[in-house]
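Take a look at the structure set out below.
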Amino acid sequence: MDNGLDPIWGLYLLLLGAVATYIPRGLGVFISGRIQSNSPLFNWFGCVAYGLLAGLVARMIVLPIGPLEEASLGLRVLSSVLAVAVYYLSRRNIVLSVFSGVGLLSFGIWLG
Amino acid sequence: MATPSIHSIDFGSPGRAFFGGAREGLGVPAFVLFISYIGFGALVRQMELPIWFGLTSTISAWALPGQIALVELSSVGASALIIFLAVFLTNTRLLPMVTVFIPYVRNEGTASWKYYGAALWVAVTAWMLCMKRCPEIPQNQRLSFFVGFSSLVWSGSIIGTAIGYMMPDLVPKPITLGLVFINPIYFLILFAGNLANRSWVYALGIGAVMGPSLHLVTPELGLLITGIVAGTAGHFIDQWVRARNASSDGARHG
């Protein structure tokens, strides 16, 4: 079941992955202790975080990597729009909105 | 007479806030992460890596996009330097997220190492939820609430990794694709529910357009550039709109 990954090499790569993941988190704590939370700089950090996440989520929907590539772009976008519409129409029901978006996608694939 | 609490959610003590957070995580948040990590576990198996590799990754570096980069690059035998850089670049979003997040859980007198520890669990779901909830919770209970919430959702991710690895590929395709789609849709809905800060909304809109476009140009750096450009633009557009509104108000009254 495994491709002969050397355990020591594997652990080394996992350690690198953990360090590479912790550096931005640790730096974030460091910076947060040095700027005022009501300053323009703080607001800018929030804007960058939102910009990054919006870019990431939009990329996952518009240009997915992996199995979602099999669903058409139109179906993915339509399902996303439906989820947001249901969210506002249902007075912010998260479960209902997520399942209507996901349901539409599955139904679309099932139809072919 | 005791002053009435201005906080609408008071768990009574930090210990109870931990369980309050865990209860909040047990439901849609844990389910979404559980499903997403089933996908990750399946990826680890498809890449012919051992199960301990996937599990250790979820335990030690809980942030899905970086984990996917680690697994894909490790299985094709990429160099250590390439793997380090790829995981780091994928996770740079965590820096501004943590910077903005810590003031929401800060409490006078808490040792700073606790924040450095808690940062291990800052990921989109807990980040969004706690920024929304924390202002309603007494200050000394916020960090416990966050850790309770995150550790439950994290446990769901670890279990999901194991189940995804062992699950046979027998699930019908419409269901599999739907499950993969839950993650981006859930994040989208979290955004829709968290639009109080005007400048963050501008950044959100610009980032959503720039993210996919720049990914086509430079998949490695596209996201980072998107965040900095969309964030900076959102910040200054908001300042400009405020300044204009303030001056038009002034003109009306003056």
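Letters A, B, ... mirror the listed sequences (proteins, then strands); counts begin at 1. The shown structure was predicted, so the numbers you read here are calculated from the model rather than taken from an experiment.
- Applying the 6.0 Å contact sphere to CZ of F30(A) captures no more than 12 heavy atoms from other residues, nucleotides or ligands.
- Only the backbone of T92(B) comes within contact range of chain A, judged by heavy atoms closer than 4.5 Å.
- Y88(A) OH: more than 12 foreign heavy atoms inside a 6.0 Å radius.
- Other residues, nucleotides and ligands contribute more than 12 heavy atoms inside 6.0 Å of the CG atom of L111(A).
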key: Derivation of the side-chain hydrogen bond (donor to acceptor under 3.5 Å, both in side chains) call for N197(B) and N43(A)   = CA-CA 9 Å; N197(B) 183 324; N43(A) 190 64; 3.1 Å; yes
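- Between chain B and the options P64(A), A54(A), A18(A), A58(A), heavy-atom pairs under 4.5 Å are most frequent for A54(A).
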task = Go through the steps for V87(B) and L16(A) under the test side-chain contact (heavy atoms from CB on, under 4.5 Å), then give the verdict.
result = CA-CA 9 Å; V87(B) 175; L16(A) 282 182; over 6 Å; no
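- Counting only heavy atoms from C-beta outward, the side chains of L53(A) and R93(B) approach each other to under 4.5 Å.
- When each of F101(B), F31(B), W127(B), Y104(B) is checked for heavy-atom pairs under 4.5 Å with chain A, W127(B) comes out on top.
- When A208(B), G211(B), A63(B) are compared by the number of non-hydrogen pairs under 4.5 Å with chain A, A208(B) comes out ahead.
- In this structure, chain A has no heavy atom under 4.5 Å from any part of M210(B).
- In terms of heavy-atom pairs under 4.5 Å with chain A, the best-connected choice from I83(B), V28(B), T232(B), I228(B) is T232(B).
- Residue Q67(B): no heavy atom, backbone or side chain, is found under 4.5 Å from chain A.
- Using a 4.5 Å heavy-atom threshold, the side chains of S79(A) and F181(B) count as touching.
- When the candidates S199(B), A230(B), G222(B), G234(B) are compared by the number of heavy-atom contacts under 4.5 Å with chain A, S199(B) comes out ahead.
- Both the backbone and the side chain of N194(B) come within contact range of chain A, judged by heavy atoms closer than 4.5 Å.
- Note that CG of L15(A) and CZ of F84(B) are 10.0 Å apart. Values are rounded to the nearest 0.5 Å.
- With values rounded to the nearest 0.5 angstrom, L179(B) atom CG is found 10.5 Å from L68(A) atom CG.
- The distance from the CG atom of L14(A) to the OG atom of S57(B) is 6.0 Å, given to the nearest 0.5 Å.
- In this structure the side chain of I185(B) reaches within 4.5 angstrom of the side chain of S80(A), judged on heavy atoms.
- Using a 4.5 Å cut-off between heavy atoms, L120(B) touches chain A through backbone and side chain atoms alike.
- Heavy atoms of L195(B) lying under 4.5 Å from chain A belong exclusively to its side chain.
- Counting heavy-atom pairs closer than 4.5 Å to chain A, the top-ranked of the candidates A192(B), G27(B), P103(B), A69(B) is A192(B).
- Heavy atoms closer than 4.5 Å to chain B are found in the side chain of V62(A), but not in its backbone.
- A 4.5 Å side-chain heavy-atom check between I23(A) and L94(B) finds every atom pair outside the cut-off.
- In this structure, CH2 in W9(A) is found 8.5 Å from OG in S74(B), a value given to the nearest 0.5 Å.
- With a 4.5 angstrom heavy-atom cutoff, F191(B) touches chain A only via side-chain atoms.
- Proximity of a side-chain donor or acceptor of R25(A) to a complementary backbone N or O of V122(B) within less than 3.5 Å is detected.
- For the atom pair CG (L56(A)) and OG1 (T90(B)), the distance works out to 9.5 Å, reported to the nearest 0.5 Å.
- Within the 4.5 Å cutoff, the side chain of T226(B) has no heavy atoms near those of the L52(A) side chain.
- Ranked by non-hydrogen atom pairs under 4.5 Å with chain B, the options G46(A), P7(A), G26(A), P67(A) are led by G46(A).
- Per-residue heavy-atom pair counts under 4.5 Å with chain A were compared for T99(B), L70(B), V98(B), and the maximum is reached by T99(B).
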